[in-house]
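In what follows, a structure is listed as structure tokens, so that the remarks can point back to it.
Values below: all heavy atoms of this structure, side chains included; hydrogens, waters and symmetry mates excluded.
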Amino acid sequence: MFKFTVNHIAISVKDVLKSIEFYQEVFQLKEIKNTASNSKTRWLVFNDNRQLHLIPRPNEVVKINKAVHFAISTINIQEFISHLIALEIGYSDWLGTVKKDYVRNDGIIQVYFQDPNGYWIEVNNDVR
């Protein structure tokens with residue numbers, strides 16, 4: 001039997017500087033050294049030491065839809081929604097209803113929004 005944990009999420013980005021700014025502003029992520037290579041890929045770290053790698057691909061076309069997303073959890077979901085509003089970042093529920101959160105059948109609250117590259121991000125309060 002194997003045990004696995006999430007190490008990092010890697011996404012292609014058009015403008016790495018704009019993406020760094022977005023993820024630092026929205027999630028207060030810290031930048032850490034890219035220890036894998038001397039490439040222009042930039043690494044950010046979440047509070048739990050999981051990483052987000054932003055790989056510059058200014059000429060790549062990435063097909064994006066809401067079903068392809070990553071989810072981040074916070075105990076302070078309502079405060080985070082207020083943070084999105086203050087940053088003027090639009091959010092919606094799964095169906096696309098603007099400025100609306102969604103309460104799942106299990107009571108978890110979630111919202112969706114997009115980063116500057118169009119990637120969908122879910123933020124929920126599923127902290128166990």
Side-chain angles (χ1 to χ4, degrees):
M1 174 85 70
F2 297 102
K3 287 187 177 183
F4 295 98
T5 61
V6 173
N7 177 266
H8 70 272
I9 299 165
I11 60 175
S12 297
V13 299
K14 296 277 184 199
D15 183 332
V16 74
L17 295 177
K18 187 174 182 179
S19 296
I20 287 281
E21 181 180 293
F22 175 85
Y23 283 98
Q24 287 182 326
E25 184 174 42
V26 174
F27 297 110
Q28 290 93 44
L29 301 184
K30 294 179 186 168
E31 186 166 8
I32 59 174
K33 183 178 180 182
N34 173 349
T35 59
S37 70
N38 293 327
S39 73
K40 294 181 181 178
T41 296
R42 306 276 292 272
W43 291 9
L44 299 171
V45 66
F46 290 94
N47 294 12
D48 65 357
N49 290 319
R50 303 305 188 251
Q51 299 171 10
L52 176 63
H53 297 180
L54 304 175
I55 304 169
R57 293 291 183 266
N59 301 317
E60 293 285 325
V61 176
V62 178
K63 187 167 175 116
I64 297 170
N65 65 67
K66 198 181 251 184
V68 179
H69 67 273
F70 61 91
I72 300 169
S73 299
T74 180
I75 196 164
N76 301 316
I77 188 72
Q78 295 303 335
E79 286 179 43
F80 182 76
I81 292 170
S82 295
H83 178 62
L84 289 177
I85 293 167
L87 293 174
E88 299 181 354
I89 295 174
Y91 66 93
S92 67
D93 64 4
W94 175 255
L95 298 175
T97 307
V98 177
K99 294 185 180 179
K100 184 175 184 315
D101 61 26
Y102 178 76
V103 181
R104 301 183 333 198
N105 289 341
D106 58 5
I108 299 300
I109 299 169
Q110 59 187 189
V111 295
Y112 292 85
F113 59 96
Q114 291 177 282
D115 81 352
N117 299 281
Y119 288 105
W120 284 98
I121 304 165
E122 171 189 338
V123 175
N124 63 48
N125 66 341
D126 188 7
V127 289
R128 299 175 199 197

Does the plane of the ring in H53 sit parallel, tilted or perpendicular to the ring in W43? Use 30° and 60° as the thresholds.
parallel
Among all residues two or more places apart in sequence or in another chain, which pass the ring-ring contact (aromatic ring centres under 6.0 Å, His included) test with Y119?
none
Separation of T35 OG1 from Q51 CD (nearest 0.5 Å):
7.0 Å
Counting only heavy atoms not in N65, do more than 12 sit closer than 6.0 Å to its CG atom?
yes
Which atom of G118 lies closest to which atom of I64, heavy atoms considered:
O-CG2, 3.1 Å
State, to 0.1 Å, how close F27 and F113 come at their nearest heavy-atom pair, and which atoms those are.
CZ-CZ, 3.6 Å
Distance check, rounded to the nearest 0.5 Å: N47 atom CG versus I72 atom CD1?
10.5 Å
Return yes if some donor-acceptor pair links the side-chain N/O of D101 with the main-chain N/O of Q110 below 3.5 Å, else return no.
no
Do F70 and F80 belong together in a cluster built from hydrophobic side chains that touch within less than 4.5 Å?
yes
Pairwise distance CD1(I89) to CD1(I121) - rounded to 0.5 angstrom:
8.5 Å
Side-chain heavy atoms of P56 within contact of T41, under 4.5 Å:
yes
Between N125 and I109, is there a donor-acceptor pair closer than 3.5 Å when you use the side chain of the first and the backbone of the second?
yes
Can you confirm whether more than 12 heavy atoms, excluding those of K100, are under 6.0 Å from its NZ atom?
yes
Walk me through whether Q78 and H83 qualify under side-chain contact (heavy atoms from CB on, under 4.5 Å).
CA-CA 9 Å; Q78 295 303 335; H83 178 62; over 6 Å; no
Which heavy atom in L17 sits nearest to a heavy atom in R42, and how many Å separate them?
CD2-NH1, 3.3 Å
More than 12 heavy atoms of other residues, nucleotides or ligands under 6.0 Å from NZ of K30: yes or no?
no
Verify same cluster id: V6, V45 (apolar side-chain graph, 4.5 Å):
no
Would you give the length of the straight line joining atom CD of Q24 to atom CG of L52, rounded to the nearest 0.5 angstrom?
10.5 Å
Between R57 and I55, is there a side-chain heavy-atom distance shorter than 4.5 Å?
yes
Determine whether the side chains of N117 and S12 contain a donor N or O and an acceptor N or O closer than 3.5 Å.
no
Do you know which two heavy atoms are closest between V16 and L54, and how far apart they sit?
CG2-O, 4.0 Å
Counting only N and O atoms by type, is there a donor-acceptor contact under 3.5 Å from the side chain of T97 to the main-chain atoms of D93?
no
Between R128 and D106 the two heavy atoms that sit nearest each other are NH2-OD2, 4.5 Å
Show your reasoning for whether side-chain contact (heavy atoms from CB on, under 4.5 Å) applies to V68 and W120.
CA-CA 7 Å; V68 179; W120 284 98; over 6 Å; no
Of the non-hydrogen atoms in F22 and P116, which two are nearest, and what is the gap between them?
CG-CD, 3.3 Å
Any R50 side-chain heavy atom under 4.5 Å of T5 side chain
yes
Interatomic spacing from OH in Y23 to NZ in K18 - rounded to 0.5 Å
12.5 Å
Are side-chain heavy atoms of V26 and L84 found at a separation under 4.5 Å?
yes
Classify the side-chain pair N124/S73 by whether it contains a donor and acceptor separated by less than 3.5 Å.
yes
Donor-acceptor pair between Y112 and E122 side chains, under 3.5 angstrom
yes
